[in-house]
Every structure is written in structure tokens, then in C-alpha cells.
Novice: 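Handing you this structure, nothing more for now.
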Amino acid sequence: MAQKPSIPKGTRDFLPDEVAKRNYIFDTIKASFRKYGFEPIETPSFELTSTLLGKYGEEGDQLMFKIFPRGNKLRPLLNATETTIDIISKELNIDYNTNKISDKALDKLTNVFVNRMAEEVLRYDLTVPFARFVVQHQNDLSFPFKRYQIQPVWRADRPQKGRYREFYQCDADVVGSDSLIYEVDFILLFDEVLSNLGLKDFTIKINNRKILAGISEVLNASDKIIDITVSLDKIDKIGVVGVKNELTKSGFSDSFIKKLEPLFDLRGSTKRKLKVITEYLANSNIGLEGVKELLKVIKMVQNLGLKNAKLEFDVTLARGLNYYTGAIFEVKANGVKMGSICGGGRYDDLTGVFGMKDMSGVGISFGADRIYDVLNELNLFPKNVDASLDVLFINFGEKEQDACLKFIKDLRANNISSEIYPSPVKVQKQMKYANDRGVKYIALVGEQELEQGVIELKNMQSGEQQTMSLEEIITHLTH
RNA sequence: GUGGUUGUAGCUCAGCUGGUUAGAGCGCCGGAUUGUGGUUCCGGAGGUCGCCGGUUCGAAACCGGUCUUCCACCCCA
């Protein structure tokens, strides 16, 4: 009995029309990346564990696909002495009578064996591998270095809407300059690409880590900033009272929450929010610097103008990736239930961990798969993206086939995609095949046409049909 | 990681409180139509009812486990 085939969860197959639509997205993004002066690079699908581990926080480490060691790399496992095994099994609470191990213990085992022994991991994003790339190739690059990169990344997450375990990121980054010009450029890039893809209603949210640092300074609680922003983010959902309750539950004192109070008023227009935050951060140098940077970027963007994007300051934008130090971006498509479709930010010292100091960088990422889902839901894909075969020749038999193959050679030389049905079966069947494939034209060359040296060309969409010479067909189809 | 949800033909799904041979639509194959598709009509093929175990005279249906799907939280693209 044949087994039913399947693919790992969180992964997908792509049919030809889906690939066509995806390529349309990739091509649109690439075209703009090039226009803004970015050059493509590629890096391997997997990296050394030491390169990636610890760069995304604890959560990231957990979500990384580890490559199980093989051969000699496995030797440490075998070298474990009986006493170490004994200690481990005691620690893990293995019941030798039932041989049962709890799920928690298994997770621990995974940690011990896989996390420590895996020397290679699938890449989790494109930014950290890029930092590694810059450090390794610094002598071959001129700075500021601008690169774009479109490759898949993997996360051992639990799939749900808009969340896959294998997906594409389309990144553009600049390293070697702290100029705010690039922040502005990236906002324009978001606007241009998403507008070109047909999106009309989307919001670019912007924040600055220095503002968040300023808030921690004012509150004198630098380690709590994430908790605070996560709660603040819920104001629209659960209201001020709900947020206060949640903060109390998280163990914050009433006096502390009182100090937070002015932040609950961060609502309304960006202009108003900026005013509130400026007052709040009056005594924090770093905070005010963040506000200054933000203001400058917003002003520059306003001067240049945006097509469709709304630019909005959002303090609750923290983004888990802990290497961001300046601007933080996130893009949401409005009117669709979907997480952020793009993200990005500035990192002052990403290459620092790899031994290269003072290389400020800033970058963005387009989530191609989520953009695909959004365009699909909003019906924004152009009709003609899945460019199929131009001409299919109907097969009438050996003699006709030879003539058709010559025609096909000429058509192809003129960049017109064409082929002949492989066997002289019933015309009806061949027509149906052409129809199913969405072929644009079919060509009929039977005994009669062969004698007269002509081709009967039928437009499959209109149903119109006319007799033409090969040259006429070529001019007809290339104009 | 936490909570919930789903699994019956290639696809979308029916299948009443357990009862004999498991259904529909779409798709597929053949014919009506020997040089004309997307419409119509006729006929046909296709299912260990996710998997393992249990309850029962009897299980697609009930129970347990497991995998899978989708969703929310968390996190993020």
C-alpha cells in the first residue's frame, strides 16, 4: 500500500501560478533595492552555532533549527561514563521501571545533547549572517556598504496564520555610516515597494531605542522596559485600567505605575505623542537624543513625501531583536489580520561581537510570504503575472510535426515561447490541454496548411482564428 | 512553550442518539463530437473513514494515546 506523502509542518509546496506570483513580489522588491543602490549577496543556509547562538535572545536560541551532529562529532556522547549517565538520569527523573521520561526532562535532554553538540544551525534571519559576512570580508568592501539579500530563513516555531517554519526574507542593510539619510531612504523604500505592489493602506511605525532607554532612565528600571512596552501596546485593546491591572499582576508597585502614568496618554497624532514624550523625557539626555533623531527623520520624510504609507510614531514598538540601538521600524498592512509585514532598525554595534568596532548599521526586511498572503487576501495580484506558454502547436502526425518543429525553432528564436503537443491524439484532447494550461494561442498545421505553407492561429481567449504566415505570426506576437 | 480546534475520494465537505454494501459537488478518465477548448448530456474509475489501542454482538461515529491541520496567546516576517 502506497503511503500518503506529506511535507513537514510549516513548510509549503508552490504551484507554478504561486511561484509566478512570488517572483512578481521578489522582482518588485529587487528592482527598488537596485534603484536605491543596494547590491546582492548570498550567504550559506546554515552557519556555525557559535555565530548565531545568543544573538537573538533566549527565545531565538530555542527557535533555531539545530543540525544534529554525525560521525566523529557524536563521540562525546559515547564517551559519557556511567556515572555521568547516572547523574543525568537522576536529574531527569527517569523511572527505570516504566522507562518513562517526562516531557520537561526530554526538553532538558535536548538542551544538553543537541544544543551543546550541534555545531551547525540553519540561519534564523539574514542580519546576523550579514554582520559575520561584513567582518570576514571587510578588506573587499568599501564603506558605507549597501547590500540586499533575498533568501529563505528557518524557525522551529509553531505554525499559524502568517507564520511559517521556512520563509523568505528580503533584506537591505547599510553598514559603516550613522547618517540618518539611510533611515529616510528605508522609509521611502518601504513606501515605494509596497505601493508598487498595489498596497494602498499601510502604516510604517517608527520608534527609537534611545527613547525607550530614556524611559528606563526616567523610571530607573532598565530591565523592565520590554514588559512596560508590551503592556502599553495593549492600551487600545484592554484600556488604561486593564493595562494597570496587568502591570500590578506582573509585580509592579503602585508608586511605579504612577510614574508611568503620563505614558498612558501617548495617543492621537504623531505630533501630539512626540510632545508628550518630550516632556516625559525632559531629564534624560539619551531620551531627548532619540526624540531629536526621530523628529529629524520624520521631517525629512515629510519634505520628500510618501505615496501611500502613513508614518506613525509608536513607543510600544520595541522589537525583540536585542541588537537594535537606534531607529526601529515595523510595517502593518491595514484592513488585514496579519502581523507585521516588514521590520527593521539601526544597530550600532552588530559587528562588535565579531570583533569589528564602530560599524553602525541600519537595515530593513520585507516578509515576502506575509506580503503574498496580504496581496492574495486583498486581491491585488495583477492578472497577467502567471505568464504561460504563448503558442501550442496541435500535433496532426509525423509529417506535420516535423514542419511544426521548424516553426517552433523560429518562434523561440524570436523569444516567443512555444511547443508542440507530444502525440497526435484527438484534437479535442489537445485543445483541452491548451485550455487547462492557459496557453495564449494554439497553432494548427494540418495537411492543407502544410501544402499552402501557412499556419492557422487561434486566440484562446477570444476564440478568433486566422490563417497567417510564420512571419506574420512573429510580428503579431511581438508587438 | 500555553490553550483550543481539525482529520471521511485528488479537492471542498455530508454522514441523525453506534446498526448491514460510506455519500454529494467539483476534479479525473471515456463517450456523444474522426480538425477546435472553456457550456451541456451520458457512462466510469477512485475510500485500510489520519494512525495505534480500548469499549461493544456490532465503531467513520464512543473512550485513551499519538500524529496532523487551523486558530489565539507568546514571539515575530
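Keep in mind the model is a prediction, meaning the values are calculated, not measured. So you know, we letter chains A, B, ... as the sequences are listed, proteins then strands, and number each from 1.
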Novice: Quick one: sort the A:Tyr347 and A:Tyr324 rings into parallel, tilted or perpendicular, breaks at 30° and 60°.
Specialist: tilted

Novice: Does a salt bridge link A:Arg12 with A:Asp369, judged by any charged N lying under 4.0 Å from a carboxylate O?
Specialist: yes

Novice: State whether the distance check finds a donor on one side and an acceptor on the other, under 3.5 Å, for side chain A:Arg370 versus base B:C76.
Specialist: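 Such a pair exists between side chain and base.
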
Novice: Could you tell me how far apart A:Phe393 (CZ) and B:G35 (P) are, to the nearest whole angstrom?
Specialist: 19 Å

Novice: Strictly below 4.0 Å, N to O, side chains only: are A:Arg346 and A:Glu293 in salt-bridge contact?
Specialist: no

Novice: At 4.0 Å (heavy atoms only), tell me whether A:Glu58 reaches a base, stays on the sugar-phosphate, or touches nothing.
Specialist: nothing

Novice: Ring-plane angle category for A:Tyr421 and A:Tyr433, please: parallel below 30°, perpendicular beyond 60°, tilted otherwise.
Specialist: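 If you compare the ring of A:Tyr421 with that of A:Tyr433, the planes turn out perpendicular.
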
Novice: Quick check on RNA chain B: between A:Met431 and A:Pro159, whose nearest nucleotide comes earlier from the 5' end?
Specialist: A:Met431

Novice: Looking only at the aromatic ring of each residue, does the gap between the centers of A:Tyr148 and A:Phe33 stay below 6.0 angstrom?
Specialist: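 When the ring centroids of A:Phe33 and A:Tyr148 are compared, they turn out to be within the sub-6.0 Å range.
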
Novice: Side chain of A:Tyr164, heavy atoms from C-beta onward: which of B:U36, B:G4, B:A77 has the nearest atom to it?
Specialist: B:A77

Novice: Just to be sure I understand the rule, does A:Cys170 reach a base, reach only the sugar-phosphate, or reach nothing, if contact means heavy atoms closer than 4.0 Å?
Specialist: nothing

Novice: So, does the side chain of A:Arg158 form a donor-acceptor pair with the base of B:U2 at under 3.5 Å?
Specialist: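 Yes, a donor-acceptor pair under 3.5 Å.
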
Novice: Which part of the nucleic acid does A:Lys337 contact within heavy-atom distance under 4.0 Å: base, sugar-phosphate only, or nothing?
Specialist: sugar-phosphate

Novice: Where the side chain of A:Asp314 meets the backbone of A:Lys205, is there a donor-acceptor pair that is under 3.5 Å apart?
Specialist: no

Novice: Base of B:G37, side chain of A:Asn435 - is there a donor-acceptor contact under 3.5 Å?
Specialist: yes

Novice: Give a yes/no on whether any side-chain N or O of A:Lys9 is located under 4.0 angstrom from OP1 or OP2 of B:C67.
Specialist: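 False: A:Lys9 side-chain N/O out of range (4.0 Å or more) of B:C67 OP1/OP2.
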
Novice: For A:Tyr421 and B:G37, give me the distance from atom OH to atom P, rounded to whole Å.
Specialist: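 Nearest whole value for this atom pair: 14 Å.
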
Novice: Can you figure out which of B:G35, B:C74, B:G1 approaches the side chain of A:Phe396 most closely?
Specialist: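 Selected nucleotide: B:G35.
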
Novice: With rounding to the nearest 0.5 angstrom, report the CZ to CD distance, A:Arg147 to A:Glu42.
Specialist: 11.0 Å

Novice: Under 30°, 30 to 60°, or over 60°: which ring-plane class applies to A:Phe190 and A:Phe329, parallel, tilted or perpendicular?
Specialist: perpendicular

Novice: For A:Thr478 and A:Ile474, indicate whether the former's side chain and the latter's backbone hold a donor-acceptor pair under 3.5 Å.
Specialist: yes

Novice: Is the base of B:C75 touched by the side chain of A:Arg163 through a donor-acceptor pair closer than 3.5 angstrom?
Specialist: yes

Novice: Please state how far atom OH in A:Tyr433 lies from atom C1' in B:G35, giving the value in whole angstrom units.
Specialist: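 So the OH-C1' distance, A:Tyr433 to B:G35, works out to 20 Å.
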
Novice: Using whole Å, report how far CG of A:Leu15 lies from C1' of B:G10.
Specialist: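 Atom CG in A:Leu15 sits about 13 Å away from atom C1' in B:G10.
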
Novice: B:C49 and B:C11: how far apart are their P atoms, nearest whole angstrom?
Specialist: 16 Å

Novice: Have a look at A:Gly162 and say if it touches a base, only the backbone sugar-phosphate, or nothing, with a 4.0 Å heavy-atom cut-off.
Specialist: base

Novice: May I ask you to list the residues of residues 440-457 of chain A, by number, that have any heavy atom positioned under 4.0 Å from an atom of RNA chain B?
Specialist: A:Leu444, A:Gly446, A:Glu447, A:Gln448, A:Glu449

Novice: When rounded to the nearest Å, what value does the distance between C1' atoms of B:U39 and B:U33 take?
Specialist: 14 Å

Novice: When Watson-Crick pairs (N1 to N3 and N6-O4 or O6-N4) and G-U wobble pairs (N1-O2 and O6-N3) count only below 3.5 Å on both distances, what is the dot-bracket string of RNA chain B, with | for other-strand pairs?
Specialist: ((((..(..((((.....[...)))).(((((.......))))).....(((((..]....))))))..))))....

Novice: Can you tabulate the close N/O pairs, meaning under 3.5 Å, that link protein atoms to atoms of nucleotides 26-34 of chain B?
Specialist:
residue : atom : partner  : partner atom : Å
B:G31   : OP2  : A:Lys426 : NZ           : 3.4

Novice: In whole angstrom, give the distance that lies between atom NZ of A:Lys205 and atom C1' of B:A77.
Specialist: 15 Å

Novice: Please measure how far the P atom in B:U2 lies from the corresponding atom in B:U48, and state the result in whole Å.
Specialist: 35 Å

Novice: Which whole number of Å gives the distance between the C1' atom of B:C16 and that of B:C76?
Specialist: 45 Å

Novice: Okay, side chain of A:Arg370, backbone of A:Ser340: is any donor-acceptor separation there less than 3.5 Å?
Specialist: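 Yes; judged by distance alone, with no hydrogens or angles, the pair exists.
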
Novice: Quick check, does A:Phe366 stack with B:A77? I mean ring centres under 5.5 Å and planes off by under 30°.
Specialist: no

Novice: Distance check, P atoms only: B:C63 and B:G4, in whole angstrom units.
Specialist: 15 Å

Novice: Only one of A:Arg123, A:Lys55, A:Arg132 passes salt bridge (Lys or Arg N to Asp or Glu O under 4.0 Å) with A:Glu47; say which it is.
Specialist: A:Arg132

Novice: Verify, without hydrogens or angle tests, whether A:Asp191 (side chain) and A:Lys307 (backbone) share a donor-acceptor contact under 3.5 angstrom.
Specialist: yes

Novice: Whole-Å distance between B:C76 C1' and A:Gln160 CD?
Specialist: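 It is 10 Å, rounded to the nearest whole Å.
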
Novice: Determine, for A:Lys332 against A:Glu312, whether the closest basic-nitrogen to carboxylate-oxygen distance falls under 4.0 angstrom.
Specialist: no

Novice: Which one, B:G37, B:G3, B:C75, comes nearest to the side chain of A:Asp157?
Specialist: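 Of the candidates, B:C75 comes closest.
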
Novice: So A:Gln430, base contact, sugar-phosphate only, or nothing? Heavy-atom distance under 4.0 Å.
Specialist: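 Touches nothing.
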
Novice: Say you pick atom C1' in B:A45 and the same atom in B:C71; how far apart are they, in whole Å?
Specialist: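 Taking atom C1' in both B:A45 and B:C71, they lie 37 Å apart.
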
Novice: Rounded to whole angstrom, note down the C1' distance from B:C75 over to B:G38.
Specialist: 47 Å

Novice: Could you give the distance separating B:U21 and B:U68 at their C1' atoms, to the nearest angstrom?
Specialist: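 Going atom to atom, C1' in each nucleotide, I get 31 Å.
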
Novice: For the side chain of A:Met460, starting at C-beta, report the closest nucleotide among B:G37, B:A72, B:C76.
Specialist: B:G37

Novice: A:Asn459 has an atom CG; how far is it from atom P of B:U36, in whole Å?
Specialist: 18 Å

Novice: Parallel, tilted or perpendicular: which one describes the rings of A:Tyr323 and A:Tyr56, with boundaries at 30° and 60°?
Specialist: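 Rings of A:Tyr323 and A:Tyr56: perpendicular, as their planes differ by over 60°.
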
